[in-house]
Amino acid sequence: MTPPLSPPSLLPLLLVAFNICFSLAASNSVYESFVQCLKTRSNSSDNISDIVYSHSNATYETVLEQYIRNARFNTSSTPKPVIIITPLTESHVSAAVICSNNIGSQLRIRSGGHDFEGVSYVSDQPFFILDMFNLRSISINMADQSVWVQSGATLGELYYRIWEESKVYGFPAGVCPTVGVGGHISGAGYGNMVRKYGLSVDYVVDAKIVDVNGNILDRKAMGEDLFWAIRGGGGASFGVILAFNIKLVDVPETVTVFKLERTLEQNATDVVYKWQSVAPTTDDNLFMRMLVQPVTLNKQKTIKISIMALYLGDVNSVVPLLAEDFPELGLVTEDCFEMSWIESALWWASFGKGTSPTVLLDRESYHVKFMKRKSDYVKTPISKDGLQWLWKKMIELEEPGLVFNPYGGKMNEIKETETPFPHRAGNLFKIQYSINWKDMGIEADKRSRSLVNRLHGYMTSFVSKNPRSAYLNYRDLDIGITKNWSYQEGKVYGESYFNGNFERLVDVKTVVDPHNFFRNEQSIPPRTIKAWNEKNEGSIPPSTSKAWNKSKPYVMIILFMAIGHII
């Protein structure tokens, strides 16, 4: 006969039972409280429960996982939201902000899920996700070449709707069609027309945002400071972006693309060296992205470069242009393909020739993988000796690659203070560090991240300094995070992303969200507010205390049942 459990041996089991029961009861109570609040606050209370998902919903995991774009944050150990809200109307968003604030829960805002560090859908504190994918309307006014696009729309959907209306207008934004508009534009946004037209935010003329009080504000109502901040400062620090009003840009009926590859044995070093001076200074209509990868060919380790280009014009213009500016590349007519602008969007997204533009409407075309990204800016060309040293290091590491994106052109004409994005004149090109892997688990994660971090370290002498600048939309938590939501912590990563513009962003944050409701690991901190736990040391956080008060009776009943079962 099994002897009865003694009090000391019973205690751990009681604690486990208590934690499980408390968590479940608190979660259910929070869900019920939130739904009731949403019904009260929303203009449309019908079927509110249909847009709010808790762990007990059968489709909870499906909703959560459909916009996770980095497999690193889709594991059994990844923290999951208490609730997911999928608003159908602007009033739902407004109510969700008010109710989340009342309950005391963090709110993470997801438009497309492409945040490289999963910040839009992961937190180590209890949190809700406000998932904007249903708010995806696109309204085009060809009379003034403007578009109202909601934050849950994707770039692919935006490009497709523009193409439906006109074959001679486009928009300067990214090449991945499944990226969400809200995050992309609020983080500045760039693509293969950056040298001709600049950034996505350079064409934002109005916006709609929900502030911390649940108010829906346009540009006039929010004021010029907040309007400035959300055009490159990351919207999630200041509110919930509902939509942007953007201006379209001219594109020719015929554009030209090409892709050329070289290895070290095919003068790759000379090509890369010359690219650094040509790509940022050549005709503004030409964008030449360069990928640098360690590869093994015929059992020989080497470096392969790939230059992918968009020229806003025909082949008869770009070939003689590069014959004069960049003879080392050896571009010939046969390397080039003429097509429409929308076809070039498909080409850059790696869709095959003849693919229908309707594929841009497919939100499931993105292949999710384990990945890590980092970024840098280069202000002076890397010498040939420096490049040859770099190649040796990359070959040793074997896996991480680099992507060089040239600036110049329009980027040199816009002041660094015009928007929060400061990396304008004086930057030759931006670097993206890239590593992908297939194996699941902590060891594979550590190994891959270590490799890309070592490559980032090797590049230190070649890139910007004081601060070492980085691009917000290539989010990298290695730069620094805030644990106490303090100004000093925020300054570490804030100055890397925004340079001198960080201080103005802090001033805006202090005015519009002084209690720091809209926050994440790399959000803009308010200048005058300390961390909640610094102000309330020793007390229970609001989200926990409110849930506990409402759940206490249920928890005690279940706890006594659990004790009886164990005994």
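Electrostatic pairing of R219 and E224 counts as a salt bridge here, judged by a charged N lying under 4.0 Å from a carboxylate O. The existence of a salt bridge linking R72 and D445 is confirmed by a sub-4.0 Å separation between a basic side-chain nitrogen and an acidic carboxylate oxygen. We find that D478 and K374 are joined by a salt bridge, their nearest charged nitrogen and carboxylate oxygen being less than 4.0 Å apart. Classification of K208 and E90 as a salt-bridged pair holds, one side-chain N sitting under 4.0 Å from a carboxylate O. In this structure, K372 pairs ionically with E117, as a charged nitrogen and a carboxylate oxygen lie closer than 4.0 Å. Using a cutoff of 4.0 Å between basic side-chain nitrogens and carboxylate oxygens, D131 and R110 are scored as salt-bridged.
In the model, N499 has a side-chain atom that pairs as donor or acceptor with a side-chain atom of S469 under 3.5 Å. Residues D283 and N285 have side chains that bring a donor and an acceptor to within less than 3.5 angstrom of each other. A side-chain donor from one of T419 and R424 sits under 3.5 Å from a side-chain acceptor of the other. Judged by distance alone, the side chains of Q432 and Y471 never bring a donor and an acceptor atom under 3.5 Å apart.
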Let's go through D284 and K196 carefully: what are the C-alpha distance in whole Å and the side-chain angles of both, what is the deciding distance for salt bridge (charged side-chain N to carboxylate O under 4.0 Å, His left out) to 0.1 Å, and is it a yes or a no? CA-CA 5 Å; D284 295 355; K196 176 68 173 181; over 6 Å; no
Verify salt bridge (charged side-chain N to carboxylate O under 4.0 Å, His left out) between D270 and K274, making sure each step is shown before the conclusion. CA-CA 6 Å; D270 291 339; K274 185 65 174 288; over 6 Å; no
Do R363 and E157 pass the salt bridge (charged side-chain N to carboxylate O under 4.0 Å, His left out) test, and can you show the C-alpha distance, the side-chain angles, and the key distance before you say yes or no? CA-CA 9 Å; R363 291 170 169 244; E157 290 166 347; 2.8 Å; yes
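Within the 4.5 Å cutoff, the side chain of V255 has no heavy atoms near those of the E338 side chain.
Ring-plane geometry between Y203 and Y197 is classed as perpendicular, the angle between the planes exceeding 60 degrees on a 0 to 90 degree scale with a lower cut at 30.
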